[in-house]
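The structure appears right after this line, and notes come after that.
Just follow the structure's listing: the first ligand is 1, and inside any ligand the first atom is 1. All values derive from a computational prediction rather than experimental measurement.
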Amino acid sequence: MAFPLSCTFICFSLIVGHSFLPFSGFRVVHGYPACSNTCGGLPIAYPFGTSKGCGNKIFQSYTKCSKGKFYLTTETGQYEVNHIDYQLKSLIVLDKKMSTCSAMRRTTGMGFGLQGGTPFTLQGPHFVLLACIDPASPVQTSPSSICDAQASQLCRNLYSYCPTITKLGLSVNSAIKSCCSLKSNFLQNAPLEIEPKKYGCLSYTSIYRFGPGQGFSSNVQDPNTWSYGVPLLYTVDQVPESCSRCEASHGSCAFDDNSNLICVCSAKLNTSSTCPAGIILCPPLL
Ligand SMILES: *[C@@H]1O[C@H](CO)[C@@H](O)[C@H](O)[C@H]1NC(C)=O
């Protein structure tokens, strides 16, 4: 967990001599709170929580913070979350079974899946099935049913500019009829599993950004500059106002069995509203 400089400084002065703290007006509390507003470098806010009892109850069974990494669990595995956008209600998870331009790999077993009834949906739309070499694959027999013809440029670029495509038994510049960028309406129907094998394919990839720019156009030519990961949307009711106030005072929201707010301020302090100003959390004393 990263502590801001001021905290490091204040905690250090506390250990070194209690010299200036009595006059600073800050109260220093040692230990990690039950619920934290960061996990590693990732800001964690409602509806997410860093451990059981934190954040929104519905989200508790899907996410956790472990050793400075935030994870999403779905029916197909546990995935590291590398970005959360609380405004857009979206997150990006890393899937180690997925191919990227620099590392093509055969997907064994399940790909990425979300069971029905989860508060998550795939955002798509750049999910690409690779090396669908089975002649019975729908990618070969009826591509128009699942593949987006307009996005075939993605396939062409992956097959042309990623030498590791040979790991999937293809040669560089292979015909792209064994590749399929899934249609976005196909992806939006949960429950959903991207199981390459089911479609007669050896692997898959998911691109959430092309090059440093945001748009589709900027660096669409070079798959080495793309960002790979699975973009998801989450659905949640409005953040309760009491929780917004707690978070604004640097607390983390948790809810008791009667759905009453617990505002977790530090390892030693919970309130039912907001956190008092001037609390500084320092790592546990040895
Ligand atoms: C604060 O609330 C959290 C979440 O319910 C709980 O795990 C923790 O033990 C509480 N801490 C204190 C000091 O009461």
Side-chain angles (χ1 to χ4, degrees), residues 1-15 18 21-22 24-74 78-87 89 91 93 117-120 232 234-286:
M1 184 187 263
F3 288 88
L5 183 66
S6 62
C7 176
T8 311
F9 177 66
I10 290 165
C11 297
F12 180 74
S13 10
L14 181 79
I15 291 159
H18 293 251
L21 269 157
S24 68
F26 289 110
R27 193 140 68 88
V28 173
V29 177
H30 289 276
Y32 295 111
C35 308
S36 174
N37 51 18
T38 58
C39 178
L42 200 67
I44 302 299
Y46 188 88
F48 299 104
T50 49
S51 61
K52 223 173 161 50
C54 313
N56 177 302
K57 280 214 172 83
I58 296 170
F59 284 73
Q60 277 172 27
S61 49
Y62 300 107
T63 54
K64 70 165 187 196
C65 180
S66 172
K67 298 187 177 134
K69 290 184 171 171
F70 197 59
Y71 294 98
L72 172 77
T73 302
T74 78
Q78 187 169 289
Y79 303 91
E80 191 185 332
V81 177
N82 82 342
H83 183 75
I84 303 176
D85 186 320
Y86 291 95
Q87 236 87 59
K89 296 198 168 98
L91 64 159
V93 302
T118 68
F120 301 97
L232 304 172
Y234 62 89
T235 312
V236 69
D237 294 339
Q238 189 83 17
V239 184
E241 217 184 294
S242 54
C243 173
S244 303
R245 282 197 298 268
C246 165
E247 289 182 344
S249 70
H250 307 292
S252 305
C253 304
F255 292 86
D256 67 16
D257 292 338
N258 299 320
S259 303
N260 297 317
L261 171 83
I262 301 168
C263 187
V264 181
C265 302
S266 75
K268 302 215 176 96
L269 181 67
N270 289 346
T271 74
S272 56
S273 55
T274 57
C275 298
I279 282 214
I280 292 185
L281 181 70
C282 293
L285 284 176
L286 293 176

Inset, instruction - Heavy atoms only: give me the nearest Tyr46-Asp237 pair and the separation to one decimal. - result: CE2-O, 4.4 Å
Legend entry - Closest non-hydrogen atom pair between Cys246 and Val264, with its separation: SG-N, 4.4 Å
Inset, instruction - Only counting residues at least two apart or in another chain, list the ones meeting side chain to side chain donor-acceptor pair (under 3.5 Å) with Gln238. - result: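 With sequence neighbours excluded, Gln238 shows a side chain to side chain donor-acceptor pair (under 3.5 Å) to no residue whatsoever.
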Inset, instruction - Apply side chain to side chain donor-acceptor pair (under 3.5 Å) to Ser51 and list each qualifying residue two or more places apart in sequence or on a separate chain. - result: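 Here no residue qualifies.
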Distances under 3.5 Å, N/O of ligand 1 against N/O of the protein: list each pair and its distance.
residue, atom, partner, partner atom, Å
ligand 1, 2 (O), Asn270, ND2, 2.4
ligand 1, 11 (N), Asn270, ND2, 2.9
ligand 1, 14 (O), Asn270, ND2, 3.2

Inset, instruction - Can you tell me which residue pairs pass the side-chain hydrogen bond (donor to acceptor under 3.5 Å, both in side chains) test with a partner in residues 62-74, sequence neighbours excluded? - result: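 Listed by first then second residue: Thr74-Thr76.
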Inset, instruction - Give a yes or no answer on whether the side chain of Tyr234 reaches the backbone of Phe48 with a donor-acceptor pair at less than 3.5 Å. - result: no
